[in-house]
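Notes follow once the structure below has been shown.
Counting convention: from 1, in listed order, for ligands and their atoms alike. Only this structure's heavy atoms are used, side chains among them; waters, hydrogens and symmetry mates stay out.
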Amino acid sequence: MMYFNLIFSLLFLQANAWKFFHLGRMSGGNLGEPAGHSSLLSSSSVKTSWFTQILNHFNPRETTTWLQRYYVNDQFYNDGGPIFLMIGGEGEASDKWMTQGHGYYGKSYPTEDLSVKNLVYLSSEQALADLANFITTMNSQYKLKGKWIAFGGSYPGSLAAWLRMKYPHLVHGAMSASGPLLADVDFFDYFRVVDESLKTFSEECLTSIKNANEQVSLLMKHPLGLKKLNKAFKLCDPLESLIGEQKHISNFWETLAGNFAGVVQYNKDNRIGKTKAGNITIDDVCGIMVNETIGIPLDRLAAVNSLLLDANHVKCMDYNYDTMIKELRNISRNDNGARQWTYQTCTEFGFYQTSSYSPQVFGDQFPVDFFIKQCQDIFGSRFDGDFLNQVVDQTNINYGGLDIEVTNVVFVHGSIDPWHALGITKTKNQDAPAIYIPGVAHCANMYPKSDSDPPELNQARVEIENYIDKWLRL
Ligand SMILES: *[C@@H]1O[C@H](CO)[C@@H](O)[C@H](O)[C@H]1NC(C)=O
Ligand SMILES: *[C@@H]1O[C@H](CO)[C@@H](O)[C@H](O)[C@H]1NC(C)=O
Ligand SMILES: *[C@@H]1O[C@H](CO)[C@@H](O)[C@H](O)[C@H]1NC(C)=O
């Protein structure tokens, strides 16, 4: 077998907040590096290469090309294949994974900057065409005859499934982990799953969060309350200075909710070199939320906030909307992919994790309009709600949403991961089975094993291997 790792890259995270976890995506991408070192991926056998990629696949008169980075490991390749393609996504591809990455993310840049004019080629369709071109070229360059199997987690998980659907003559099968398949402007179900995941600790945890947020709401109505909130939540800007404008207040509430969302989405995964923040689990935050010694629910919510601020090495909670927009308007190339992913949400997917799920444990202050405003403030007024509804419909028409028609694709999701709400979690078609793993988070099956993995996760890994083995014999 041969491994290719193409670098595409981006989905978000916010732990105070948008700087670390934004729009349901961890800064740098949603799939972390795997823990541990597998002999398969021993770095001496991994080569970094650059591929001359077409910028616009849909206009043959446009001949601009750019260099796309990829990693290859042919240590185990025998004539006849198979060839495994790990699709990079909304972060930088790493040589710990054997990946082919995606333009605009990581080190692969098709354009000199990220101006709106240049971002026009950043789309899932161009990414799929990049992959198809890559496979075709590799087949002829190395005279490969084997079958290609695509892998991806998070947005690249969606790409892996769509690649098999659009180019079945090039890709024989795919493993699609935690991939959202249904584009959705108002993804309020995200917080439904966050609530349910927190409830796996205890009902009391969720009740306490709800009570705490109600206390925050009450304090916001009084000058003395504002002072208390400034101190308790270590706010960079005092509330008195920003409370007049809803955009800051929405950002404040979204940040508080994001503290929990980020912890839930990555709960106990096995990524390598976990940061202090990445090590924080549902048990930790819920442990605080139900600990009466710390004080009333509001004090506990503040303690969770402080825990995340400390773990991320930041001194104060920055909820200033204008600061966030200023950073996202920066058209310089960047490694975190935030502007790029935001662009894809504004032009293809939506996926906004709004406060519109009821009962509103995290308040109701970040509805869908707050996110559409961000699209407009970052990219321009024409990226409005009508535009977004139209492009999201187009995405679902193009790929079929949850009615996708494919074979030889296994869809894998974790019950704790809020993104499963936009994916296929039940097998409808035996040729494109779903594996729904109870108790695990985003992309859990993509990381190497650990002793603490639940048996259902180990079982899922075996099933995936069996499916791929079966398809390769077809
Ligand atoms: C995260 O947790 C792992 C496993 O318990 C530990 O080895 C590691 O040192 C922790 N990382 C940090 C930065 O605390
Ligand atoms: C509750 O919080 C107190 C004060 O921080 C701490 O000493 C205690 O260990 C916590 N209790 C539990 C059960 O975690
Ligand atoms: C934009 O980002 C680049 C790279 O991160 C940085 O060097 C530059 O200072 C930023 N520009 C502004 C105006 O903030």
Give me the nearest non-hydrogen protein atom to atom 9 (O) of ligand 2 as residue plus atom name, then the distance to 0.1 Å. N291 ND2, 4.8 Å
Any chance you could lay out the side chain to side chain donor-acceptor pair (under 3.5 Å) test for N211 and S208, step after step, and finish with the verdict? CA-CA 5 Å; N211 291 341; S208 173; over 6 Å; no
Any K449 side-chain heavy atom under 4.5 Å of R461 side chain: yes
Check ion pair K247-D377 (N to O, under 4.0 angstrom): no
Considering heavy atoms of the protein only, find what lies nearest to atom 11 (N) of ligand 1 and give residue, atom and distance to 0.1 Å. N279 ND2, 2.9 Å
Between L114 and L119, is any pair of side-chain heavy atoms under 4.5 Å apart? yes
Determine, counting only non-hydrogen atoms of the protein, whether one lies under 4.0 angstrom from atom 13 (C) of ligand 2. no
Validation row: C205, K199 side chains within 4.5 angstrom (heavy atoms): no
Distance filter under 4.0 Å to K274 heavy atoms, resulting ligand 1 atoms: 11 (N), 12 (C), 13 (C)
Under 4.0 angstrom from atom 3 (C) of ligand 3, is there any protein heavy atom? yes
Sub-4.5 Å side-chain heavy-atom contact between F379 and C346: yes
Any nitrogen or oxygen of N330, main chain or side chain, under 3.5 Å from a nitrogen or oxygen of ligand 3? yes
More than 12 foreign heavy atoms under 6.0 Å from CD of Q246: is that the case here? yes
In the protein, what heavy atom is nearest to atom 5 (O) of ligand 2, and what distance, to one decimal place, separates them? I294 CG1, 4.2 Å
For K276, the atoms of ligand 1 under 4.0 Å from one of its heavy atoms are 13 (C)
Protein heavy-atom contact under 4.0 Å for atom 7 (O) of ligand 3? no
